[in-house]
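Both counts, for ligands and for their atoms, begin at 1 and track the order of listing. No experiment lies behind these values; they were computed from the predicted model shown.
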Amino acid sequence: MDRSDTPAAKAGTVAVGELAVKRMGFGAMRLCGGYALGAPSDRPAAHRVLRRALELGVDFIDTADSYGPGIDEELIAEALHPYPAGLVIATKGGYLRGSRGGWTPDARPERLRQALEGSLSRLRVERIDLYQLHTPDARVPFAESVGALANAQREGKIRHIGLSNVSVRQLEEARAIAPVVSVQNEYNLEDRGSEDVLRACERLGIAFIPWRPLGAGASLRPARTARVAARLQATPAQVALAWLLARSPAMLPIPGTSSGAHLEENVKAAALRLSRADLDLLE
Ligand SMILES: NC(=O)c1ccc[n+]([C@@H]2O[C@H](COP(=O)([O-])OP(=O)(O)OC[C@H]3O[C@@H](n4cnc5c(N)ncnc54)[C@H](OP(=O)(O)O)[C@@H]3O)[C@@H](O)[C@H]2O)c1
């Protein structure tokens with residue numbers, strides 16, 4: 001997808017393996033029903049949000065088999081298949097969902113294999129560009145979970161391996177088993193607990209994908225965010241995303257929304273530049 005003149009392109013690109021994607025992705029989880037369970041109340045509206053994201057130049061979409069479960073990947077395929085060249089769909093496996101929305105880690109190799117096969121079928125592809133281990137599972141040796149993804153990569157079912165919700169030590173352990181091109185951890189203005197993982201990704205030249213980049217709304221509320229937003233005639237969401245982009249060249253935010261208006265607003269943050277004074281205020 002040559003989309004160099006689109007709003008998302010203003011964020012520049014980041015490498016996901018040999019693939020270059022715009023540093024303004026889209027997190028698709030919010031397209032499902034509440035708690036990322038079940039179908040959206042307005043399925044065509046969810047399709048429109050996905051198609052509009054691509055028109056705005058977004059070429060990286062994050063999902064997981066556990067969103068829906070399954071429904072999020074189906075929505076993506078319904079809206080976007082056959083996929084345009086250059087679109088990277090990143091999915092994940094490693095969580096089971098309870099009927100009330102709970103998240104139970106299950107990263108046993110046999111379960112990951114089953115999850116991967118489900119994702120391949122729902123996304124209607126023969127290979128997943130970026131397959132992320134959604135979470136380590138305390139009941140399973142981490143090396144076994146990563147080893148399952150390495151096997152699937154050797155079989156050609158996964159192009160690149162990513163990790164999610166890991167420590168620097170786990171990142172290093174995984175890298176001894178297979179190449180890792182990205183880490184997806186929670187990170188936003190209000191929660192910087194994964195600063196060390198971000199810096200490790202930077203050092204390694206791999207992508208850092210902050211989940212909950214808007215703090216699920218919490219990053220929009222502090223007065224300092226509102227002050228910077230007012231100064232720049234921007235919105236708090238745009239400031240929160242521009243702050244992430246300024247924080248590191250490895251950063252690949254995936255803001256989530258089911259709203260077309262919020263999507264437009266969020267992608268426009270790619271063009272917003274924060275001054276030293278703005279960054280100091282947000283520090
Ligand atoms: N790896 C993991 O364990 C993990 C965990 C959680 C999420 N994720 C991924 O990360 C993505 C993003 O995380 P997230 O969706 O939880 O949190 P988020 O992107 O920080 O925030 C999304 C929330 O903010 C609202 N919002 C979005 N844009 C807004 C705007 N411009 N102004 C005001 N409110 C706005 C959305 O509501 P509206 O729909 O009303 O816009 C939604 O409630 C997910 O889609 C998923 O792909 C991964």
Atom 6 (C) of ligand 1: nearest protein contact (heavy atom, Å): Trp211 CE3, 3.2 Å
Donor-acceptor side-chain pairing of Gln238 and Asn266 below 3.5 angstrom: no
Which of the ligand 1 atoms, numbered from 1, are nearer than 4.0 Å to a heavy atom of His134: 1 (N), 2 (C), 3 (O)
Atom 15 (O) of ligand 1: the protein heavy-atom neighbour that sits closest, reported with distance to 0.1 Å: Arg30 NE, 2.8 Å
Ser258, portion touching ligand 1 at heavy-atom distance under 4.0 Å: both
Identity and distance of the protein heavy atom lying nearest atom 48 (C) of ligand 1: Gln184 OE1, 3.0 Å
Any Tyr95 heavy atom less than 4.0 Å from ligand 1: no
Pro255: numbered ligand 1 atoms lying under 4.0 Å from its heavy atoms: 19 (O)
Short side-chain donor-acceptor distance under 3.5 Å, Tyr131 and Lys157: no
contact_flag Lys92 ligand 1 heavy-atom lt 4.0 Å: yes
Donor-acceptor pair, side chain of Arg43 and main chain of Pro40, under 3.5 angstrom: no
Proximal ligand 1 atoms for Asp62, defined as those under 4.0 Å from one of its heavy atoms: 9 (C), 46 (C), 47 (O)
Selected option - heavy-atom contact closest to atom 40 (O) of ligand 1, from His262, Glu264, Glu186: His262
Contact partition for Glu265 relative to ligand 1, non-hydrogen atoms under 4.0 Å: side chain
Modelled atom types, side-chain donor and acceptor of Glu73 and Ser119, under 3.5 Å: yes
Mode of Leu220 contact toward ligand 1 - side chain, backbone, both, neither (heavy atoms, under 4.0 Å): side chain
Minimum-distance protein heavy atom relative to atom 36 (C) of ligand 1: Gly256 O, 3.7 Å
Protein heavy-atom partner closest to atom 3 (O) of ligand 1 - residue, atom, separation in Å: Asn165 ND2, 3.0 Å
Residue pair Gln132 / Asp62, side-chain donor-acceptor N/O under 3.5 Å: yes
Whether Trp243 and Tyr187 hold their rings parallel, tilted or perpendicular, with breakpoints at 30° and 60°: parallel
Closest protein heavy atom (residue, atom, distance) for atom 13 (O) of ligand 1: Arg212 N, 3.2 Å
Part of Ala237 with heavy atoms under 4.0 Å of ligand 1, whether side chain, backbone, both or neither: side chain
Nearest protein heavy atom with distance in Å, relative to atom 12 (C) of ligand 1: Ile254 O, 3.2 Å
Carboxylate-amine/guanidinium proximity below 4.0 Å for Glu186 and Arg212: yes
Contact partition for Gln132 relative to ligand 1, non-hydrogen atoms under 4.0 Å: neither
Salt-bridge contact Glu55-Arg52 (side-chain N to carboxylate O under 4.0 Å): yes
Nearest neighbour of atom 41 (O) of ligand 1 from the list Thr257, Asn185, Leu263, Asn266, on a heavy-atom basis: Thr257
Option whose closest heavy atom lies nearest to atom 21 (O) of ligand 1, chosen from Gly25, Ser219, Ala216: Ala216
Ala28 neighbourhood, listing ligand 1 atoms whose heavy-atom distance to it stays under 4.0 Å: 45 (O), 47 (O)
Exam field: side chain Asp280 to backbone Ala277, donor-acceptor pair closer than 3.5 Å: no
Modelled atom types, side-chain donor and acceptor of Thr235 and Glu265, under 3.5 Å: yes
Between Asn185 and Ser194: side-chain donor-acceptor atoms closer than 3.5 Å: yes
Which segment of Ala64 sits under 4.0 Å of ligand 1 when only heavy atoms are counted: neither
Neighbour count above 12 (heavy atom, 6.0 Å) for Glu126 CD: no
Atom 1 (N) of ligand 1 [closest protein heavy-atom partner, distance rounded to 0.1 Å]: Ser164 OG, 2.9 Å
Distance-only side-chain donor-acceptor flag, Gln153 / His160, under 3.5 Å: no
Side-chain ion pair, Glu190 and Arg224, N-O less than 4.0 Å: yes
